[in-house]
Amino acid sequence: MNSTWRRFAKNVAKTTGVIVVTPIVASLGYASFEYATTPKDQISLHHTPYSIYYQSITNLFMSKLGSYAKKNYDKVCENAAKENEELLLRLLDRCKDTVYGKDFNLGEIKSREEFVKKHPITTHDHYESYIERVYNGEENIMFPDRPRMIGTTSGTSGSQKMIPVPGLQRSVFFTKGIALTFDALCNGVKHGSNPNFHYPNLQKSCKLMHEPNFTYTDNNIKVGPNSSSPKDNKGLLELYTTPGVAFDVQNEKELMFLHVLFALLDSNLGFIEANFANRVWNFFVLLEEEWPILMESIERGHLPSDLNIDPNIRKQLNQKLRANKHRALELKRIKKDHDENKSSTSLARKIWPNLHTILASETGTFQIYGQKLREQFIGKDVTIYSPIYAATEGLIGVNPHLDNQTFVLHPEAMFYEFYPVESGNPHLDEVDPEKTLFIEQLESGKEYEIIITNLTGLYRYRFGDVVRCVGYEKEAPIIEFTYRKGQFLNASGERTSEETFYRALSSTVEHDWKLKLKEYTTVEYFLQGSRKPRYVVYAELAGEKNVAIERSLTKKEKYQLDEALCRENKSYRALRKNGRLYPIEAFVVKNGTFEKLRQQIILTGVSPTQIKQPRVTRHDALVKTLETSKCK
């Protein structure tokens, strides 16, 4: 009996061993093959055997998942209206037995038309009592599962808001958003001067992440930004040039120095990633400003002594650095040659010959940073890809094409309604709850406020974004972001959007003033201390070789800007003509003023990865900084 069981046990062990060992051996073999067949200039210099294995398997997994996500996306876009309504009914059924679901009889609703009739249009105020109960640890309030965290918004157009986030939201974001953009990269990444380039490969990315200062409720629910952070998945840090220990540095400038330093050490860098293009801009600005110190650190293999970081972190990072005089000399030669002999090849491509893509949003308020990056650092060599349209409230749209700056509203991400933005309703203060449009009813060229029903338990929710429909992907709308509802100017009923104002300002600065626009914001006239209804703009400007311009504007220059606004906005022109609006007031502020504003915003608790420079500034402390920084 014992011998029989012993033989049986041995056979089970052998079979189990084969089952366990075979996939491990196969995956090691696959990683080895990838390493052996990938061109050397497409393999990161920061790789270890483990990180090569991890990236090879990750690439394989994401390629398969991305291909599946694209097929599913194509299928649901064919019947977007039907798929979107089915998502709505699933969300209502999922939450019908929650406290909120019972209060609003969600279980009784059987169609999108019935939903529109029975549920009111909402704003954040509507949910505050429910969110407070979630915050205090009560369960089954807004959705049936325990929240993964309570997300905080950036507060760009007002105060920060809290939104409970279920684990389901992250799953949908990954499978419907990230996977689809990986497929777009697989099919869209190009390198104009390298015929042997292919993607995915074994290049690493410099990801400009920052670990937020999360807080926790008494019931241990995390509270903070609902965006990716270094500690979300430490395995993914193997894909980045910045060592994992560096992400423990809390000071944003010191961490950015480390991002730049370790990126410079990898001549085979493939990506630079950030939520928004302003972070990438800050990356390159620091690269230029700290160039001599960076070169010294690379040459000596030690961090600068005045870098303000924890001694233990410093020790670990110094162990990862190696004196690299060859790379330092190479970089010095590249920079000197670039400064002295301008060529069609950008500085970024000279430093990293196979840098192919910057993954960061350059839509809306970030358009100015994309333009500046191309002008000063990346030229036409490197693609800026805005992959996803998302907010704390969840995934909204995806961009399946690298060369586009538009987004397709994914029918399985959330339920969408739209309210037309028309000249007869400029303020959007009141919305007729029964006159919203569904996903298939939009007209190309028209603007709409998006109203969402999402995975976090928000129903018919006005979160403040206004978009323009530019067409359809089968039955799914293709949109471009235009502005945040709280970020337009409205001194006397004329309603000038961020997009319109930027177009007038940037064209005036470039064509009339023959200068470069570095940064800007506007302030409502009464906050600036004036009783005359007018626009007030503050800008940082630069001249040739990006030398800061620090002088007051002439009457002629202000007149040119006012005329540009009249051309861009007929309502503004009419109000200027009849005297209800006074001429625009414009000030140049000292170089570095907007960096001061950014640091002030960070001190209010906003994560550096969330910061969006407000184009309409309403906070008294920020207005005071602008006023005290005006050039005379």
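Residue numbers run from 1 in the order of the sequence given.
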Under 3.5 Å donor-acceptor, S386 side chain and E362 backbone: yes
Expected output: side-chain N268 to main-chain Q42 donor-acceptor under 3.5 Å: no
Qualifying residue, where the test is side-chain hydrogen bond (donor to acceptor under 3.5 Å, both in side chains) with Q55 and the options are E34, Q203, H47: H47
Sidechain-backbone polar pair: Q169 side chain, E393 backbone, donor-acceptor under 3.5 Å: yes
Flag, side chain of N308 to backbone of E254, donor-acceptor distance under 3.5 Å: no
Donor-acceptor contact below 3.5 Å, side chain R551 vs main chain V588: no
Presence of salt bridge, R484 and D465, under 4.0 angstrom: yes
Distance (rounded to the nearest 0.5 Å) between E238 CD and K204 NZ: 6.0 Å
Backbone N/O of R615 and side chain of T522: donor-acceptor pair under 3.5 Å: yes
Over 12 non-hydrogen atoms of neighbours within 6.0 angstrom of CZ in F284: yes
Least distance between heavy atoms, W352 atom then D266 atom: CD1-O, 3.1 Å
Validation row, ring centre H356 to ring centre F197 under 6.0 Å: yes
Salt bridge present between E252 and R598 (N-O < 4.0 angstrom): yes
Any donor-acceptor N/O pair, N187 side chain to D183 backbone, under 3.5 Å: yes
Whether R349 side chain and N354 backbone form a donor-acceptor pair below 3.5 Å: no
H198 to P39 - nearest heavy-atom pair and separation: CE1-CD, 3.9 Å
Minimum heavy-atom distance between V280 and A274, given as atom pair plus value: CG2-CB, 3.9 Å
K320 vs Q316, side-chain contact (heavy atoms from CB on, under 4.5 Å): CA-CA, chis, key distance, verdict: CA-CA 7 Å; K320 293 182 178 295; Q316 293 181 66; 5.7 Å; no
CD/E340: more than 12 non-hydrogen atoms of other groups inside 6.0 Å: yes
Heavy-atom closest pair, residues G151 and N226: CA-CB, 4.3 Å
Pairwise distance CG(L317) to CG(N312) - rounded to 0.5 angstrom: 9.5 Å
Salt bridge K332-E299, side-chain N to carboxylate O under 4.0 Å: yes
Taking every non-hydrogen atom, the tightest pair across L286 and K253: CD1-O, 3.9 Å
Near-ring test F366/W281, centroid separation under 6.0 angstrom: no
Y520/I368 under side-chain contact (heavy atoms from CB on, under 4.5 Å): CA gap, chis, key distance, verdict: CA-CA 9 Å; Y520 80 97; I368 186 173; 4.2 Å; yes
Plane angle bin for Y240 and F247 - parallel if under 30°, tilted between 30 and 60°, otherwise perpendicular: perpendicular
Side-chain ion pair, K335 and D339, N-O less than 4.0 Å: yes
Aromatic ring pairing Y389/F481, orientation class (parallel under 30°, perpendicular over 60°, tilted between): perpendicular
NZ/NE/NH1/NH2 to OD/OE distance under 4.0 Å, R327 and E330: yes
N201 side, atom CG; I43 side, atom CD1 - distance, nearest 0.5 Å: 8.5 Å
Exam field: side chain H46 to backbone F262, donor-acceptor pair closer than 3.5 Å: yes
Under 3.5 Å donor-acceptor, S171 side chain and G167 backbone: no
Other residues, nucleotides, ligands: >12 heavy atoms within 6.0 Å of K40 NZ: yes
Test log, rule side-chain contact (heavy atoms from CB on, under 4.5 Å), inputs L321 and I298: CA-CA 8 Å; L321 282 171; I298 292 171; over 6 Å; no
Nearest heavy atoms of C206 and H259, plus distance in Å: SG-O, 3.8 Å
Test of ring centre spacing under 6.0 Å for Y199 and F271: yes
K596, NZ atom: more than 12 neighbouring heavy atoms under 6.0 Å: no
Atom OH of Y216: over 12 foreign heavy atoms under 6.0 Å: yes
